4 protein chains.
Amino acid sequence: MARSDAVRNREKVRQAAETVLSEQGLSARMDEIARRAGVGVGTVYRHFATKEALYQAIVTARVDVLLAEADQLRESGDPRTAFFTFFTRIVADATGKKAYTDALRTAGIDLKSEQAAQAARMRQAIDDLLRNAQQTAAVRRDAALPEILALLRGATMAAETGDYPAAVLDRSLQLLLDGLRPHADI
Amino acid sequence: MARSDAVRNREKVRQAAETVLSEQGLSARMDEIARRAGVGVGTVYRHFATKEALYQAIVTARVDVLLAEADQLRESGDPRTAFFTFFTRIVADATGKKAYTDALRTAGIDLKSEQAAQAARMRQAIDDLLRNAQQTAAVRRDAALPEILALLRGATMAAETGDYPAAVLDRSLQLLLDGLRPHADI
Amino acid sequence: MARSDAVRNREKVRQAAETVLSEQGLSARMDEIARRAGVGVGTVYRHFATKEALYQAIVTARVDVLLAEADQLRESGDPRTAFFTFFTRIVADATGKKAYTDALRTAGIDLKSEQAAQAARMRQAIDDLLRNAQQTAAVRRDAALPEILALLRGATMAAETGDYPAAVLDRSLQLLLDGLRPHADI
Amino acid sequence: MARSDAVRNREKVRQAAETVLSEQGLSARMDEIARRAGVGVGTVYRHFATKEALYQAIVTARVDVLLAEADQLRESGDPRTAFFTFFTRIVADATGKKAYTDALRTAGIDLKSEQAAQAARMRQAIDDLLRNAQQTAAVRRDAALPEILALLRGATMAAETGDYPAAVLDRSLQLLLDGLRPHADI
DNA sequence: CATGAATGAGAGTTCATTCAT
DNA sequence: CATGAATGAACTCTCATTCAT
């Protein structure tokens, strides 16, 4: 079988895994992923050594997309919009998708070494957007990266649960982001 | 009658389960819980019919403690302090404890019917504290209960991960709560 | 506690066990038997060393009753009535009672040595009734004890299943017994 | 594709299960069945979803064989031989095989719905043979299907016990069947 | 390189039996 | 002697991973 077939299979598996993990979380079975990809389990294992590796691959792919978006936003001009949009974008991306949180953990700690670089880039991207936003007074200057990451993680995890209607999630995120803007108490 | 022994063992099991679940989350094995409690698995099952029941018992006990604290806080006079302290208290209680989030879910949805009453009480307690705080202008009047619960859930989940140093969690919570206060943009 | 209490307890346990085993068969739990007897499991074990022993005690008691009936029937005069009534009596006694079959096995093989004597008496009782019935030409002379016991066992087991309405069991037993009478083909 | 292997293994499992269930009855352990088949437990479960399903598969297969024999016998000409041979055949098939009775229960009650059709066919087969035999005066006309089934069940259960030598079983069955023939009392 | 059957180490749960109270 | 809590081996079933075809 030609090389291109293998590449195609890898992609089929990745997509199936993304769907299944989104729906069922980490407890999804490998058989189910294979079934949805239309291949045998063996093929899944050919492309991804373990369930963990498959999962990491998905997260990596997702973070790559997010990183690209961060780049675009950073270059789009308005630092305020860039920061808030990215924050919102990440949360929206996770909404209702189980087992996706780790995309953010990736930006934090506990990652496999191969992904250290990507994690650093994510941290850097958020840091850049944050600093730009702070320099234009769009975000409180006393908010440092670590706490912003923690808030982002929490927002993402709440969104993942699937327990909250979109409107509620929106309002809660609005409150959160609004609170990050510089303000004077009334 | 070995009643006192039984009570003691039940408590040993409960504590062991609390510890183990805190450390390992819901995937913790019943054998491990029994081992830590210094009893046989059968004893664990004598006191708690299923793994789920054991878990629910722990969550229920914890939420009861929190509810008592909510009562005290509400009667302690200052609505501002009461609200922010309770929010902080819940998050602090969850910090580093895996599988604890569901205490909050309890206040949301998806609970077993026996715990419906407790869940309702939790919602009510938070609602009371929120309304009081809003009436004294300690919290934005446009923040409704559902979004507050979502924010609380997120903060709790982030705390549970164990991925963030206490200082970072503190600062992130500070930012979040500060943002809930009424304010004018600068 | 006085001796009489112990005796009373033993009897309570025996009766509870008889009921429970009749209803649920050998898979009945010891806890359930104790509960129905109104005692603790420990008490059940004080009187009967194992579940098997308890079961054997019940069977033994039942067979004793049946043996007494066999005596009465043998002395009641009519050999024909005696044989058919006893056969019917045994089957009726087992109807719908799970795990009772072994009363008959007792008359066959595989019994614990303590019950060998009782088993022998049962065989003897049936043999006596059979011979008497054969001597008065109430039963075919070519039917020997072993095959009669096998037929009795089968009839009893079918009755125990609880799968057949009383009327059906009656008719089947009627056919069986009728077939045991001396007859000429038509 | 290891299809042929799978088929072979399924058959190995089925045979091992048949053997083990014959020897030990329904209480046989799945581990033991796997061991005898020379496969892992997982393989047993791959082919048969539950212990119950495995058991049902065996019974179903056996009843299918019996049904085929019933067909042959019905078409073989002599109604008398057909009926008595089939009755004998069923009992012989069960002799010494624990947990086989349910093949007959299948013809009665309490069956899983998927086997309703097979059960009905078994009833029908026996009914056909019975009616044919009755029309040629080989069997008493007052013996209806339900009681015949009850007698068959009892004979089968007695045979299953393994408590009776073949000669005894033979004679008991001879007595039973002989009694089913039309006759005049002497 | 793909397949999916096979593996087997657990995981939760049950229950006859023991023994501290 | 009675109690019932404790025990832990057994049992069924699951699923990530391996490997023969």
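Small disclaimer: the values here were computed from a predicted structure and weren't measured. Naming: A, B, ... by sequence-line order, numbering from 1 per chain.
Scanning residues 41-51 of chain B for heavy-atom distances under 4.0 Å to DNA chain F yields B:Val41, B:Gly42, B:Thr43, B:Arg46, B:His47.
With sequence neighbours left out, the side-chain hydrogen bond (donor to acceptor under 3.5 Å, both in side chains) criterion links D:Thr60 to D:Gln115. D:Glu11 meets the side-chain contact (heavy atoms from CB on, under 4.5 Å) test with D:Arg14, D:Gln15; sequence neighbours excluded. Applying the salt bridge (charged side-chain N to carboxylate O under 4.0 Å, His left out) rule to A:Arg36 yields the partners A:Glu23, A:Glu32; only residues at least two apart in sequence or on another chain are considered. Take A:Lys12 and apply the side-chain hydrogen bond (donor to acceptor under 3.5 Å, both in side chains) test, not counting sequence neighbours, and it matches A:Asn9. Qualifying side-chain hydrogen bond (donor to acceptor under 3.5 Å, both in side chains) partners for B:Thr19, counting only residues two or more places apart in sequence or in other chains: none.
Residue order along DNA chain E, read from the 5' end via each residue's closest nucleotide, puts A:Asp31 first among C:Arg29 and A:Asp31.
Looking at DNA chain E, the stems built from 3 or more consecutive Watson-Crick or G-U wobble pairs, each pair with its key distances under 3.5 Å, are E:2-21 with F:2-21.
Here the C1' atom of nucleotide E:dT3 and the CE atom of A:Met30 are 15 Å apart, to the nearest Å. As a whole-Å value, the separation of B:Glu32 CD from E:dG10 C1' is 14 Å. As a whole-Å value, the separation of A:Leu26 CG from F:dA16 P is 11 Å. Across the protein-nucleic acid pair, D:Arg35 atom CZ and E:dG8 atom C1' stand 16 Å apart, rounded to whole Å. Rounded to whole angstrom, the span from the CG atom of C:Leu54 across to the C1' atom of E:dC15 amounts to 15 Å. Rounded to a whole Å, the CD1 atom of D:Ile33 is 12 Å from the P atom of F:dC11. Between C:Tyr55 atom OH and E:dA16 atom C1' there is a gap of 17 Å when expressed in whole angstrom units.
One distance of note links CG of A:Leu54 with NZ of A:Lys51; it measures 9.0 Å at 0.5 Å rounding.
Using a 4.0 Å heavy-atom cutoff across all strands shown, D:Ala28 reaches sugar-phosphate atoms only and no base atom.
B:Leu26 and B:Leu21 make their closest contact through CA-CD2, 4.1 Å (heavy atoms, listed as atom of the first residue, atom of the second, distance).
Close to E:dC1, at under 4.0 Å from its OP1 or OP2, lies no side-chain N or O of A:Asn9.
Looking only at side-chain heavy atoms (C-beta outward), B:Arg29 and B:Gln24 stay at 4.5 Å or farther from each other.
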In residues 41-48 of chain A, what donor-acceptor pairs under 3.5 Å come from side-chain atoms, sequence neighbours left out?
none

